[in-house]
Amino acid sequence: MPERYEPKTFEDKWRSRWGEAKLFQTREVPGKPKFYGLDFFPYPSGAGLSVGHCRNYIPTDVICRKKLMEGFNVLHPMGFDAFGLPAENEAISKKTHPSPMVKSYGENYKRQMDLVGISYDWSRSFFSSDPEYYRWTQWIFELMYKKGLAYRRLAKVNWCPMDKTVLADEEVEGGNCWRCGTAVEKKDIPQWFFKITAYAQRLIDDLDTVDWPEGIKNMQRNWIGRSEGVEFDMKVAFENRDSESAIRELASDSQIPTSDSDDFVVISHERGPHFRVFTTRIDTIFGMTFCVIAPEHPLVETILATVDSARKAEVYSYCSATKEISDIDRQATSREKSGVFTGAYAVNPANGKHVPIYVADYVLMGYGTGAIMAVPGHDQRDFDFAKKFGIEIIPVITDSLTSPNSPHQAFEAKDGILINSGEYDGLTVAEAQKALGEWMEGLEIGERIVRYKLRDWLISRQRYWGCPIPVVHSKDGDQSLVLEEDLPVELPDVESYEPADDGSSPLSRIPEFVNVTDPDGTLGQRETDTMGGFACSSWYFLRFCDPTNSEHPWDPSKAEYWMPVDCYVGGAEHAVMHLLYARFWTKVLFDEGLLSVNEPFQRLMNQGQVLGLTPYRKPQEGEKLQVGEEGLLISFDEAAEIQAKIKSGELDGDSLFYRWARMSKSKGNVVTPDEMVDQYGADALRIYELFVAPFESDVQWSNEGVAGATRFLNRVFRWVSEVQDYYEPNWESFLATEEIVGKGTGIRRAVHRATKKISADIDRFAFNTYVSEMMKCLNTVTDSLKNADWTDRGFILAMSEAVETFVLLLAPAAPFSADELWESIGRVGFTLNVHWPSHSESIAAEDTITVAVQVNGKLRDTITLGADATNEEMEAIALASEKVIIHTSGKQIQKVIVIPAKLVNIVAQ
RNA sequence: GCCCAGGUGGCGAAAUUGGUAGACGCGCUGGCUUCAGGUGCCAGUAUCCGCAAGGAUGUGAAGGUUCGAGUCCUUUCCUGGGCACCA
């Protein structure tokens, strides 16, 4: 038995023994509780795993290993999200085919995961690009189609000119493609959508039933964007009677109602022009001093037909100018408001007032009705617009603390009292919203409704490397599903699969794929778009329950047993993509009776990122920077050169700087588990990753810390080897009858305390304190090794218990070392098959307590008492303390507060 | 602008319900072991004053509640993340 941690002498041995024993194979032993621990489905990149990935996989592994030891049936699978853009782009750049490429990358991932000792059941693994898997992705698509939840329509969609495909709304970040950062364009193409909007409310409501980080839940709520408000009709009025004839021509019904005002011709809203607006602040309706419609709003055409040619030209040029501005620019909040008066007026239904209708690009056609009532007194955007165009600002909500007439900004208070609002004066905002909503509903000019920002999920991609959409288009324009028995529609194996600039799919260039004969003999053409990668990852966790089923996507009884995922671990970057889609699919499958759960992931945890040190160089003259960058990424070699030049005075110190950045191959800051395992060992890497910071915090990687973990493991090995010769394997039965006195009690106390603390820490994802408790426990037991009396029987028994328990507590974090140590004390088999240690409260309890003694809340003394000391004893001894007497001299003791076993506070004045 | 998550030594951090702030580790300092050390062991390490005993200060800032606040309340500043002319 070595006195040091020498991982190279035993890691390979245990890796192969675990494999031979099929140690990680999922067991479904009847009568045991189940635990499903899952990591996010990774895309196997050519760069391989970094220590950042390990920060995801190691904690999940710790949890799963502990659950196994606690007697659970554990499902801990891993597979690969192989379809999709990143794989295809990587294959194109390497001039290879994605299929063999992702397989070899997946193999490399598996090798690295095994290297680190992650306990995955590889017998359940698959790639999302396997036909046996995507067959069922297509099957679920067909289910969606039959339920009316998958449909195709012409839509203005986000087009990435670099990746040459459309993107879902969730894949656009600040107007740019989430993968390549290119500005997206708008394009009109017929596209496939999933009707996720039908589930908007349930996707919000059921967030209350899952144990997820509050931040992720909020991001989903914001993304779905529920808002409650009132949608109502407004009549349009025109400036002069000349317009009336124009309207008469426009209206299908020539009967023009009479005017209800001397100055205006008013068209009834049933017959003539009218428009609807949506507002969340119906309570401010008396403050409406204008209306705004989006430049794309159909009402613009109607109004233009009625106005003089000069105004017509002005409005028309504004609307066409808007089309030239990109969405990103148009939606920049910093932009100054622009717009133009249309010549028409809207009639406020609440007070009959006529307010001008403007066209302005700050109102978007894509949300609500594309038209708003503008209340500059209580909406900052309307306020800015009113200021610029000199429109009246009427305050209608007041708050005793804030001036409603503030000239610099709108008063957007959500609570307050109504003023200037006729019969509604004096009501609160909430009361007025209810009253006005009911009033409008009574008159049938409006109704209270709920709106969502969420839009349907666009899944078509004009790319090769994805799951084919199992649809055939017939010549007459009909579309039909591929028969279930003909699934999967296999992706053809072709050499050339590059995307096309015109938005056509590469599959459309393959006649053998496109042209098919329908069962009824007619000629049809296959759909050539493929599904975006997120479709494939929306159900993989279900397939893991029954991965080799060739008759069904899964056996419902198996899904019922394993689902939901008890603990799902991955990065926060998927908050509104994968995590929303997977919830949606789960709900659809639940509604179909295929699942017994409504939510797929009961508990979600987001690990922090691992950041690598990244050198940058300030640009020299003529060099261009990427958008948002302050310097140019350089290699560490280049950084070293520049540093030498700075030292010699050739360059100034500002020309180089370092930054912590997410590890990526392109940044050259990746630290791989391979190099860490080689240098320090897998267990040292695991211990360090667990210990370095709280699970959810980002960490700045340093190799020095790994060396610290090695030191800890060294000390563990030295301790066990020292105890080894005296180790009593039957300590448990002896301890049951023999009473331990002296040094042994302290050892036992430390071990039982550690067992208690560690069991709780792992459950609450506090892996850093798990490791620190191991270190503390080790410090205690090795301290008692000094002047050890190996003739003391109690000491030997306690030490034997300590070694064995410690090794088991260590097992989830450092499984290689644990099994090696286990063997070295003569035990047979694997720690994973041994039951997790339990603790005794009475042994863990201290026999003395340290009482803090305060005078007026300041610590003045600490005293040690027997654990059974009463409050009265604590008080008496505290009052007798010399330091207390000094600090209370000349003062009157007002009262004494005693917290049992903790503290005495003497209040003196 | 809105919504989250955070601010604790030189550094990573700890502190179940309000009850001895800084556990555990890294780094650093001194000592021992060593031909040597990127080894191991021992001691020290929040700040300020002091030889020491001891004292004062101290969890971003300012108030408040309390016998007692890192923890609860109010205001505010800063950092990171997300959303954003969404009516």
Side-chain angles (χ1 to χ4, degrees), chain A residues 3-4 173-174 213-223 225-227 229 231 277-281 284 292 294 330-335 337 360-364 366-375 379-382 384-385 409 412 451-454 572-573 575-576 606 609 687-688 691-694 696-700 702 704-709 711-712 714-715 718 757 760-761 764 766 768-779 786 850-862 883 886 894-909:
Chain A
E3 294 183 20
R4 295 170 54 93
E173 291 175 350
E214 217 34 61
I216 301 286
K217 289 195 196 182
N218 267 316
M219 279 163 72
Q220 293 216 348
R221 288 191 193 105
N222 285 340
W223 187 260
R226 180 193 158 101
S227 53
E231 198 179 290
V277 297
F278 174 67
T279 179
T280 55
R281 294 300 302 272
T284 64
V292 183
R330 177 169 167 184
Q331 291 181 18
T333 47
S334 53
R335 254 179 88 228
K337 295 280 177 291
D361 63 7
Y362 80 94
V363 170
L364 308 171
Y367 183 76
T369 59
I372 62 160
M373 69 169 205
V375 183
D379 181 283
Q380 190 58 43
R381 294 154 303 178
D382 298 345
D384 295 341
F385 191 89
Q409 57 177 11
E412 294 183 329
R451 277 198 176 274
Y452 303 91
K453 284 182 220 163
L454 182 71
E573 68 274 11
V576 287
N606 299 124
Q609 293 181 27
I687 293 275
Y688 174 64
F691 180 63
V692 62
E696 293 187 288
S697 309
D698 290 351
V699 302
Q700 300 170 349
S702 96
E704 280 170 358
V706 191
R711 264 200 288 275
F712 163 69
N714 261 331
R715 296 180 54 215
R718 198 179 322 127
K757 173 109 171 71
D761 280 353
R764 64 186 180 101
N768 54 335
T769 55
Y770 159 31
V771 176
S772 84
E773 185 65 27
M774 293 297 294
M775 291 171 167
K776 228 191 298 196
C777 182
L778 181 69
N779 288 345
K786 290 171 204 158
T850 308
V851 176
V853 181
Q854 299 180 333
V855 177
N856 292 334
K858 286 196 177 178
L859 184 71
R860 295 301 177 189
D861 201 1
T862 54
K883 285 164 188 161
I886 293 167
Q894 311 282 325
K895 62 173 162 179
V896 178
I897 287 142
V898 180
I899 306 298
K902 288 246 170 173
L903 155 151
V904 179
N905 188 15
I906 295 146
V907 185
Q909 212 133 46

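The chains referred to below are lettered A, B, ... by the order of the sequence lines, with proteins before strands, and numbering in each begins at 1. Bear in mind that the values here come from a model prediction, so they are computed numbers and not experimental data. Computed over heavy atoms, backbone and side chain alike; hydrogens, waters and symmetry mates excluded.
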Syn/anti state of B/G9 by chi, 90° boundary around 0: syn
Listed by chain and number, what are the salt bridge (charged side-chain N to carboxylate O under 4.0 Å, His left out) partners of A/K757, not counting sequence neighbours? A/D761
Inter-nucleotide C1' distance (B/G31, B/U79), Å rounded: 42 Å
Pairwise C1' distance for B/G25 and B/U20, with rounding to whole Å: 22 Å
Whole angstrom is fine here: how far is it from NZ in A/K337 over to P in B/C85? 10 Å
From CZ of A/F278 over to C1' of B/C85, roughly how many Å is that when rounded to an integer? 16 Å
Rounded to whole Å, the CD-P distance (A/Q220 to B/G82) equals 16 Å
If the plane angle is over 60° it's perpendicular, under 30° parallel, otherwise tilted; pick one for A/Y362 and A/F385. tilted
When the P atoms of B/C42 and B/G58 are considered, how many whole Å apart are they? 36 Å
B/S/- contact track for nucleotides 5-24 of chain B, protein heavy atom under 4.0 Å: -------BSSS---BB--BB
Using a heavy-atom cut-off of under 4.0 Å over every strand shown, decide if A/R715 touches base, sugar-phosphate, or nothing. sugar-phosphate
Tell me: NZ of A/K786 to C1' of B/A43, nearest whole Å? 11 Å
Who is the Watson-Crick or G-U wobble partner of B/A14, with both distances under 3.5 Å? none
Have a look at A/R711 and say if it touches a base, only the backbone sugar-phosphate, or nothing, with a 4.0 Å heavy-atom cut-off. sugar-phosphate
Taking only N/O atoms, report every protein-nucleotides 52-58 of chain B pair under 3.5 Å with atom names and distance.
{"from": "B/G55", "atom 1": "OP1", "to": "A/H887", "atom 2": "NE2", "distance (Å)": "3.0"}
{"from": "B/A56", "atom 1": "OP1", "to": "A/R860", "atom 2": "NH2", "distance (Å)": "3.4"}
{"from": "B/A56", "atom 1": "OP2", "to": "A/R860", "atom 2": "NH1", "distance (Å)": "3.1"}
{"from": "B/U57", "atom 1": "OP2", "to": "A/K858", "atom 2": "NZ", "distance (Å)": "3.0"}

For the P atoms, the ones on B/G22 and on B/A15, what distance do you get once it is rounded to whole angstrom? 13 Å
Re B/G1: Watson-Crick or G-U wobble partner, both distances kept under 3.5 Å, found to be B/C83
Applying the side-chain contact (heavy atoms from CB on, under 4.5 Å) test to A/V853, which of A/T862, A/N905, A/L859, A/I906 qualifies? A/I906
Which whole number of Å gives the distance between the P atom of B/C72 and that of B/C2? 23 Å
Is any side-chain nitrogen or oxygen of A/R4 closer than 4.0 Å to OP1 or OP2 of B/U39? no
Please give the distance between the C1' atoms of B/C26 and B/G44 as a whole number of Å. 16 Å
Taking the nucleotide of RNA chain B with the nearest heavy atom to each, does A/A371 or A/G708 sit closer to the 5' end? A/G708
C1' atoms of B/A62 and B/A69, separation to the nearest Å: 15 Å
Base, sugar-phosphate, or nothing: which does A/K453 touch, judged by heavy atoms less than 4.0 Å apart? base
Go nucleotide by nucleotide along RNA chain B from the 5' end; which of A/T369 and A/A707 gets its closest nucleotide reached first? A/A707
For the residue pair A/I687 and A/A709, what are the closest heavy atoms and their distance? CG2-CB, 3.7 Å
When you check the phosphate oxygens OP1 and OP2 of B/C41, does a side-chain N or O of A/R718 lie under 4.0 Å from one of them? yes
Return the minimal non-hydrogen interatomic distance between A/V699 and A/A693, and the atom names on each side. CG1-CB, 3.3 Å
Rounded P spacing from B/A13 to B/G19 in Å: 22 Å
Whole Å only: how far is the CG atom of A/D384 from the P atom of B/A84? 20 Å
Expressed as a whole number of angstroms, how long is the span from A/K217:NZ to B/G81:C1'? 19 Å
What is the distance, to the nearest angstrom, from the CD atom on A/E704 to the C1' atom on B/U39? 16 Å
